[in-house]
Amino acid sequence: MPDTRVLECEEYVEQAYFFRIFRERVADNMPAQDILERLHEEVLSSTRLPFAIQFLAAELKHSGLLANGFARLPHYFTPFQAFVVQQAEDDKQKFSMPIALLVLEREAAYKADNPNKPGLYVYQFEAIARNKLGYSDGLIAMAADPHYDPDWSHYLDIVRRQVGVMDFGDLLYLRSELYERDQQRLKPDWTPTHRPLFGEKEGKIAKASRGRDPLYLFAALQRQLGYPEVPKQRQRDDVMTKLEQLQAKMRELETRLRLAEGELRGSVDLSQFGKPELLKDDEEK
């Protein structure tokens, strides 16, 4: 299990800013390598994020993949963040990097503002479902988020095994306070085997949404309880979109060619890509 810890509020504030600026500059067709090489100077220097950005830039230069950098900093970035970026870099997925960065931006902003576990769970699950990122790997990544306690991690494992078999609304309702009250009303001697993870309001909305498209349940939770909204990917099929996709592919090829040329010249020093001192665990120092 990755050694990820809940960060200070200011870290999540700066992460949200980082993902927003990164997304805006990617949308302006700036190469990711150039963005990262400058962006560490713009974020708050009292946080650990500048060092993390420098590491991401080094890893992108080394491997050509941004997700590798996220995965190699498990004490700063969560497995879910690494998973989202990895899916955006997968050519088989129709999941763009700007949407991935917007997903992470909103998640970081939510974590910076006293988040609750049900809201975070529903947001992350909807991001996976709406963008078809894969439930198995996605829920494993979610379970490793430090915001979830062992009861939540166990519940996420149940969801991973039952999703597609049971309705999402049922999975939520069965672990709500409303379900406990309904059962105790029917059977006064009934005792729960697990503590409820969702409140009565969540249970009421889930019960009313049973058998319906889960997207309606997500939307109802957002309207009624202020849960964060997952960005929706708008499909475009015009000439400019295709041109932007080709330009993005060309930038990726240029990055990999520069790396290959550096290796041929013997000028790639792998030691420079080591983990920054500030981001090491205490036992590694």
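The structure displayed is predicted, hence computed values, not measured ones.
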Discussion item. I need the L172 CG to M166 CE distance, nearest 0.5 Å.
Written reply: 11.0 Å
Item to complete: Could you walk me through whether R72 and E59 pass the salt bridge (charged side-chain N to carboxylate O under 4.0 Å, His left out) test, one step at a time?
Response: CA-CA 9 Å; R72 291 186 63 192; E59 186 62 32; 2.7 Å; yes
Discussion item. How about CE on M30, more than 12 heavy atoms from neighbouring residues, nucleotides or ligands closer than 6.0 Å, or not?
Written reply: yes
Discussion item. Please say yes or no: joined through hydrophobic side-chain contacts below 4.5 Å, possibly via intermediate residues, are Y135 and F95 part of one cluster?
Written reply: yes
Discussion item. Has E89 got a side-chain atom pairing as donor or acceptor with A67's backbone, closer than 3.5 angstrom?
Written reply: yes
Worksheet item: E37 and Q33: side-chain donor and acceptor closer than 3.5 Å?
Response: yes
Discussion item. Please determine whether residues Y179 and L225 belong to a single hydrophobic cluster, defined as Ile, Leu, Val, Met, Phe, Trp and Tyr linked transitively by side-chain heavy-atom distances below 4.5 Å.
Written reply: yes
Discussion item. If I compare all heavy atoms of V13 with all of A112, which pair ends up nearest, and what's the gap?
Written reply: CG2-CB, 3.7 Å
Practice prompt. Let me see the working for F83 and I140 under side-chain contact (heavy atoms from CB on, under 4.5 Å), right down to the final yes or no.
Written response: CA-CA 10 Å; F83 170 76; I140 289 173; over 6 Å; no
Worksheet entry | Atom pair CD (E42) and CD (E14), whose distance is rounded to the nearest 0.5 Å | 11.0 Å
Practice prompt. List the steps, then state whether side-chain contact (heavy atoms from CB on, under 4.5 Å) holds for V159 with F125.
Written response: CA-CA 10 Å; V159 173; F125 187 93; 3.9 Å; yes
Worksheet item: So does E8 have more than 12 non-hydrogen atoms from other groups sitting under 6.0 Å from CD?
Response: no
Worksheet entry | Hphob cluster co-occupancy, L215 + V230, side-chain heavy atoms under 4.5 angstrom | yes
Practice prompt. Taking all non-hydrogen atoms of both residues into account, name the closest pair between A206 and G169 and its distance.
Written response: CB-O, 3.6 Å
Worksheet entry | Residues R106, E229; criterion salt bridge (charged side-chain N to carboxylate O under 4.0 Å, His left out); working and verdict | CA-CA 8 Å; R106 292 185 182 178; E229 183 179 352; 5.1 Å; no
Discussion item. Run L44 and Y17 through side-chain contact (heavy atoms from CB on, under 4.5 Å) and show every step you take.
Written reply: CA-CA 10 Å; L44 190 63; Y17 174 79; over 6 Å; no
Worksheet item: Less than 4.0 Å between a side-chain N and a carboxylate O, is that true for D91 and K249?
Response: yes
Worksheet entry | Heavy-atom closest contact (S176 atom, P196 atom, distance) | C-CB, 3.8 Å
Worksheet item: How long is the span from the CD atom in Q162 to the CG atom in D170, to the nearest 0.5 Å?
Response: 11.0 Å
Worksheet entry | Pairwise distance CD1(I21) to CZ(R38) - rounded to 0.5 angstrom | 14.0 Å
Discussion item. Using the ring centroid of each side chain, check whether Y76 and F51 are separated by less than 6.0 Å.
Written reply: no
Practice prompt. Assess the side chains of Q15 and E107: does a donor N or O sit below 3.5 Å from an acceptor N or O?
Written response: no
Worksheet entry | Q81 vs T78 side-chain heavy atoms within contact, under 4.5 Å | yes
Practice prompt. Give a yes or no on this: more than 12 heavy atoms of other residues, nucleotides or ligands lie within 6.0 Å of atom CG of D28.
Written response: yes
Item to complete: Sort out for me which residue in Y227, Y121, F168 forms a ring-ring contact (aromatic ring centres under 6.0 Å, His included) with F218.
Response: F168
Worksheet item: So, the side chain of N116 versus the backbone of G119: is there a donor-acceptor pair under 3.5 Å, distance only?
Response: yes
Discussion item. Could you check whether any side-chain heavy atom of L36 comes within less than 4.5 Å of a side-chain heavy atom of L60, counting everything from C-beta outward?
Written reply: yes
Worksheet entry | Minimal non-hydrogen separation, A143 against S153, with atom names | O-OG, 3.1 Å
Worksheet item: Which distance, rounded to the nearest 0.5 Å, do you find between the NZ of K117 and the OH of Y155?
Response: 14.5 Å
Discussion item. Please list all pairs meeting ring pair (Phe, Tyr, Trp, His ring centres under 6.0 Å) that have one or both residues in residues 19-46, counting only residues at least two apart or in different chains.
Written reply: F18-F22
Worksheet item: With the threshold set at 4.0 Å, does a side-chain nitrogen-carboxylate oxygen contact exist between R48 and E11?
Response: no
Discussion item. For a 4.5 angstrom cut-off between non-hydrogen side-chain atoms, does R251 reach P31?
Written reply: yes
Worksheet item: Heavy atoms, side chains only, cut-off 4.5 Å: are R212 and L217 in contact?
Response: no
Response to the item:
Closest non-hydrogen contact found for L102 with P231 is CD2-CB, 3.4 Å
Worksheet item: Say you draw a straight line from NZ of K111 to CG of L7; how long is it, rounded to the nearest 0.5 Å?
Response: 8.0 Å
Worksheet entry | Electrostatic pair K204-E200, nearest N-O below 4.0 angstrom | no
Worksheet item: Using a distance-only test with no angle check, is there a side-chain donor-acceptor pair under 3.5 angstrom linking Y148 and Q124?
Response: yes
Worksheet item: Would you call the rings of H154 and H194 parallel, tilted or perpendicular, where under 30° means parallel and over 60° means perpendicular?
Response: tilted
Item to complete: Answer yes or no: is there a side-chain heavy-atom contact under 4.5 Å between Y110 and P115?
Response: yes
Item to complete: Please tell me if the side chains of Y12 and V6 come closer than 4.5 Å, counting only heavy atoms from C-beta onward.
Response: yes
Worksheet item: Where do D189 and K187 land on the side-chain contact (heavy atoms from CB on, under 4.5 Å) test, with the steps shown first?
Response: CA-CA 5 Å; D189 59 344; K187 305 173 184 176; 3.9 Å; yes
Worksheet item: Do V85 and M97 have side-chain heavy atoms sitting under 4.5 Å apart?
Response: yes
Worksheet item: Would you say the side-chain atoms of Q93 and Q87 include a donor-acceptor pair closer than 3.5 Å?
Response: yes
Discussion item. Do L197 and E177 make a side-chain contact, defined as non-hydrogen atoms from C-beta onward lying under 4.5 Å apart?
Written reply: no
Worksheet item: Which heavy-atom pair separates I128 from G134 by the least distance, and what is that distance?
Response: CG2-O, 3.6 Å
Worksheet entry | Centroid-centroid under 6.0 Å between F55 and H75 rings | no
Worksheet item: Should the ring pair F198 and W152 be called parallel, tilted or perpendicular, given that the plane angle runs from 0 to 90° and is split at 30 and 60?
Response: perpendicular
Discussion item. Restricting to side chain to side chain donor-acceptor pair (under 3.5 Å), what partner residues turn up for D182, sequence neighbours left out?
Written reply: Y173, R185, K207
Worksheet item: How about Q222 and E126: does a side-chain donor come under 3.5 Å of a side-chain acceptor?
Response: yes
